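Written out below as structure tokens is the structure these notes cover.
What you see is a predicted model; the values in this text were computed from it and never measured.
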Amino acid sequence: EEIDKIPASSNQETVPQLILGFLRYFGWEFDWQNLAVCIGRKQAGKEGDVYKTTMPMMTGTDQWYVEDPFDLRHNLAGMCSPAGKARVLGALRTAYSNLCNT
């Protein structure tokens, strides 16, 4: 309930632009083999990249790592199967394509 303490963003993109950027980034650009998704980190872009090898729960290049913002030792994607990963990537890419064509 202390929303007024959150610093204002300098980002000028619209909500639709942000959604498309999210879908494009995680559907095509994100390096799932080497990087971890860490939504609680304050850094963004290449300077904010977090390599899976630095995370508390080690994982191989074939496994995704999505850090739990409430339990930093928990990999939310730790049990995601190859088929599940393919479905997630497919859904991100399909949503991006569908939204771009509307």
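- When hydrophobic clusters are built by joining Ile, Leu, Val, Met, Phe, Trp and Tyr residues whose side-chain heavy atoms come closer than 4.5 Å, directly or via intermediates, F70 is not grouped with I39.
- Every pair passing side-chain hydrogen bond (donor to acceptor under 3.5 Å, both in side chains) that includes a residue from residues 71-87 is listed here, sequence neighbours excluded: D68-H74.
- Looking only at distances, a side-chain donor or acceptor of T102 sits under 3.5 Å from a matching main-chain atom of L99.
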Handout entry: side-chain contact (heavy atoms from CB on, under 4.5 Å) between M55 and V50, intermediate numbers included
Key = CA-CA 8 Å; M55 303 308 290; V50 177; 3.3 Å; yes

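- Panel note: side chain T54, backbone Y51; a donor-acceptor pair is recorded below 3.5 Å.
- When all heavy atoms of A36 and K52 are compared, the pair lying nearest together is N-CG, 3.9 Å.
- Judged purely by atom type and a 3.5 angstrom limit, Q63 uses its side chain to pair as donor or acceptor with the backbone of A77.
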Problem - Chi angles and distances behind the side-chain contact (heavy atoms from CB on, under 4.5 Å) call for Y65, L35 - result: CA-CA 7 Å; Y65 200 111; L35 300 177; over 6 Å; no

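- Aromatic pair Y96/W28: ring centres closer than 6.0 Å.
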Exercise for the section: With side-chain contact (heavy atoms from CB on, under 4.5 Å) as the test, would you mind laying out the steps for L89 and W32 before giving the verdict? Expected result: CA-CA 10 Å; L89 283 177; W32 289 101; 3.8 Å; yes

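- In this structure, R24 CZ and C100 SG are separated by 8.5 Å, a value rounded to the nearest 0.5 Å.
- Residues L20 and V15 share a hydrophobic cluster, clusters being chains of Ile/Leu/Val/Met/Phe/Trp/Tyr side chains in contact below 4.5 Å.
- Put simply, SG on C80 and CG on D62 are 11.0 Å apart, with the number rounded to the nearest 0.5 Å.
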Practice task
Run the numbers on L18 and N11 for side-chain contact (heavy atoms from CB on, under 4.5 Å), then give the verdict.
Solution key: CA-CA 10 Å; L18 290 170; N11 190 319; 3.7 Å; yes

